[in-house]
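A quick write-up on the structure given underneath.
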Amino acid sequence: MNFFIVSIIKIVLVFAIFMTTLAYLQWVERKVLAHIQSRTGPLRVGPHGLMQPLADVFKLLTKEDLLPPYVNKFFYLLAPFIAVCLALISISIIPFGPEIEVGGTRTYMQISDVNVGILFILAISSISVYGVALAGWSSNNKYSLMGALRSSAQMISYELPLTLVIVCPLLLANHLSLRAISDSQAGYYLGFIPRWSIFQMPFPQIFGFLIFMVAAFAETNRLPFDLPEAENELVAGFHTEYSSMKFACFFMSEYANMVTITCVATLLFLGGWHPLFPAPYSNWVATAVLLFAAIACFFQAIRPARKRDRYTFPVFGIGFLILAALWAVPSFQTILVPIFWFAAKVAFLLFTYIWVRGTLPRFRYDQLMHFAWTFLFPCALLNLLLTALFVAVF
Amino acid sequence: MGHVPLSWYLVLSAILFALGVAGFVYRKSIITVFMSIELMLNAVNLSFVAFSYELRRIDGQIFSFFVMVVAAAEAAVGLAIILTIFKNRGTLQIDEVDSMKL
Amino acid sequence: MVDTILFIIFAIVAIVSGFNLVLQKQPIASALSLIGVMGSLAVLYLLLGAEFLAMAQMIVYGGAVMVLFVLVIMLLNAGREKSSAKSWFAQIAGLPLLLCLVALLGFLIRAILPPMRSVEFGSWVGGTAEHIGQLLFTTYLLPFEVISILILIAILGAVVLAQKELD
């Protein structure tokens, strides 16, 4: 029975944190994009627009649920459901930290450890094409169908380099379980270079990581590869006909896919929750970062850009101070430090996503396919062959 | 309620195979006929895996892996043929594709 | 207990999806039912301890073969199939013969095969990626190589066939 209780607690925790992350990721994206483009982004709802995700949820929930008369009703309603379910399911096997002990119960920081974890992720990502394809087909609309066809072709094409590149860290780790892969990257060369896959010695996986990220951008249909929903050619691509909650499902699945694939990138290439610095120093990095954030907040509060900032920034500063104190308690550190490193890496990759979106223009469709098949695919193949060679020789 | 007897798996496999046969002879759309073949292959795969469990040897699983791979190759070629048929004759009805030469 | 419940649920899903495949007139509905069959078979493979095969089933069948089917259906915009006249023999004898086939197979399984063990989830995990890989690259190396060449031929064939412009 103990197993069930622990599992339920873990599921509730992970689900709550995951959903909050998804909601606030959108806020972060709007803010970062705005600052890249010299705007301020959402400001009205709550301090610094922090209540904006909540407002968005209410807006989407209360909008009219439109069902166009010409759609294929069953598949039209099924598609967003498939998309969101498949997007949310992968998080269940992502490990966030090592084995921990809370109140005498030893457990993994992971909902469940699957032996064939990485294959499970690949399987889920490969069948998530159906959500998009069905949405486009059942909408009975040229733009939707074009968007769906483009997106399916794109996802299938980019899955090849993605899979080939995933094989390389598997060769280094000799395991398919995400936990084992991450654990095989523990330790340091010469006492300070972490043994993450991108630094691992026979053949560092830096190219592999870059290829993975490019393919991941395409897999999640993000700019510069967001051809399926290119709004100036296709209105909104496969979700042209969707409104209110059904649109929110697609929206949420896109962000969930982003989070999942960055988690996978972290686990495969960036060493999961293993810190950048050796043990005694890495425990204090979180505290230092949070302290710095608190100081920055207080500094901003001294000369506020807007009148309201004089009150909001000190509140944020105190919040950061409390967090910093929490990360400094030695008995919490065994649990919190791995989570900090994992979250920091995922957050960095997510920031890269938004950064790229704010920087690069969209590809043309033929360029996209050309890039996948004539450049990315041979590169991934070469990377795999070299890795295999080095693993075999050394 | 103890554990599931292995013969249930085999019976399930037989039922799925029979459904595949029924679809193969009953349907008129080339694509559905093709899908029925896939269903039959899947049913046989289930038998392979069940026998592999019974004998405690994974050779059965290897065979079913090969079946999968061949099915993938077959699907690629078969669907290309279906595309060509549709291009040339403009129909997917299997009984309208009855002449060797146009 | 959990084994039995899982088996019953997914066996029912598989059979219902199989019936749906045969009875639906809309090709895309048939394709989705086939995906349902494949998904539930993947779960049954897991119950039988073939974890690698279960995932391969989802990746190869669910993610590659069926995506091809769905794409072709979307591309050709295959609508409802027209029902056309069936022969009198099929109309009269079709269903009974089918039931005979199932009954015969069931009888053979019951009568001829020796008593078999019952399936207990986790009692035997033989199908890990490690075991499959080991066997694939030792005993079954030649078939493995031959099958990769077969796939290469299939790819070329598909490209040539789909590209060819007849008249």
Side-chain angles (χ1 to χ4, degrees), chain A residues 4 72 74-76 78-79 82 85-86 89 93 114-140 142 144-157 159-160 162-163 166-167 170-171 174-177 180 219 238 373, chain C residues 2 20 24-36 38-39 41-43 45-46 49-80 122 125-134 137 151 155 159 162:
Chain A
F4 282 103
N72 191 325
F74 180 71
F75 297 119
Y76 178 78
L78 186 68
I82 292 181
C85 282
L86 290 180
I89 214 167
I93 63 159
V114 183
N115 266 346
V116 281
I118 194 72
L119 290 180
F120 182 81
I121 299 260
L122 281 177
I124 294 295
S125 94
S126 64
I127 56 176
S128 58
V129 183
Y130 293 118
V132 174
L134 276 182
W137 183 81
S138 66
S139 292
N140 218 345
K142 282 193 206 75
S144 301
L145 187 67
M146 281 305 293
L149 278 176
R150 276 184 177 190
S151 141
S152 313
Q154 170 183 337
M155 281 160 103
I156 294 169
S157 310
E159 215 168 74
L160 277 169
L162 192 77
T163 314
I166 282 177
V167 174
L170 296 186
L171 278 177
N174 255 327
H175 263 288
L176 287 178
S177 142
E219 276 289 296
F238 61 89
W373 288 101
Chain C
V2 180
N20 204 33
Q24 282 283 347
K25 294 273 181 204
Q26 191 80 256
I28 200 139
S30 297
L32 277 190
S33 333
L34 188 51
I35 296 164
M38 285 159 176
L41 282 190
V43 177
Y45 290 169
L46 273 182
E51 46 184 41
F52 177 77
L53 209 63
M55 290 305 136
Q57 164 100 352
M58 284 321 282
I59 294 173
V60 175
Y61 268 131
V65 174
M66 289 319 291
V67 169
L68 267 184
F69 272 99
V70 171
L71 271 186
V72 165
I73 292 170
M74 276 165 54
L75 207 65
L76 302 183
N77 208 1
R80 305 175 69 81
V125 185
T128 60
E130 193 188 349
H131 292 146
I132 299 257
Q134 200 144 40
F137 286 105
I151 284 210
I155 294 170
V159 169

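Reminder, nothing fancy here: chain letters follow the sequence lines and each chain counts from 1.
- To the nearest 0.5 angstrom, A:Ile156 atom CD1 is 6.5 Å from C:Leu68 atom CG.
- Within the structure, the side chain to side chain donor-acceptor pair (under 3.5 Å) test picks out the following pairs touching residues 54-73 of chain C (sequence neighbours left out): B:Asn42-C:Gln57.
- Distance check, rounded to the nearest 0.5 Å: CE of C:Met55 to CD1 of A:Ile121 gives 10.5 Å.
- Looking at residues two or more places apart in sequence or on another chain, you find a ring pair (Phe, Tyr, Trp, His ring centres under 6.0 Å) between C:Phe69 and B:Phe34.
- Looking at heavy atoms from C-beta onward, C:Leu71 lies out of side-chain contact with A:Val129 at the 4.5 angstrom threshold.
- From A:Leu176, atom CG reaches atom CD of C:Glu130 across 9.5 Å, with rounding to the nearest 0.5 Å.
- Taking each heavy atom of A:Ser126 and C:Ile59 in turn, the nearest pair found is OG-CA, 4.1 Å.
- For chain C, the option among A:Leu149, A:Asn174, A:Leu78, A:Leu122 with the highest count of heavy-atom pairs below 4.5 Å is A:Leu149.
- Proximity to chain A involves both the backbone and the side chain of C:Val67, based on heavy atoms less than 4.5 angstrom apart.
- Here C:Leu32 contributes atom CG and A:Phe75 contributes atom CZ; the two are 5.0 Å apart, rounded to the nearest 0.5 Å.
- Expressed to the nearest 0.5 Å, how far OG of A:Ser138 lies from CE of C:Met74 amounts to 9.5 Å.
- Nearest heavy-atom pair, C:Gly63 versus A:Ile127, reported as atom, atom and distance to 0.1 Å: N-CG2, 4.0 Å.
- Looking at C:Ala42, neither its backbone nor its side chain comes within 4.5 Å of chain A, counting heavy atoms on both sides.
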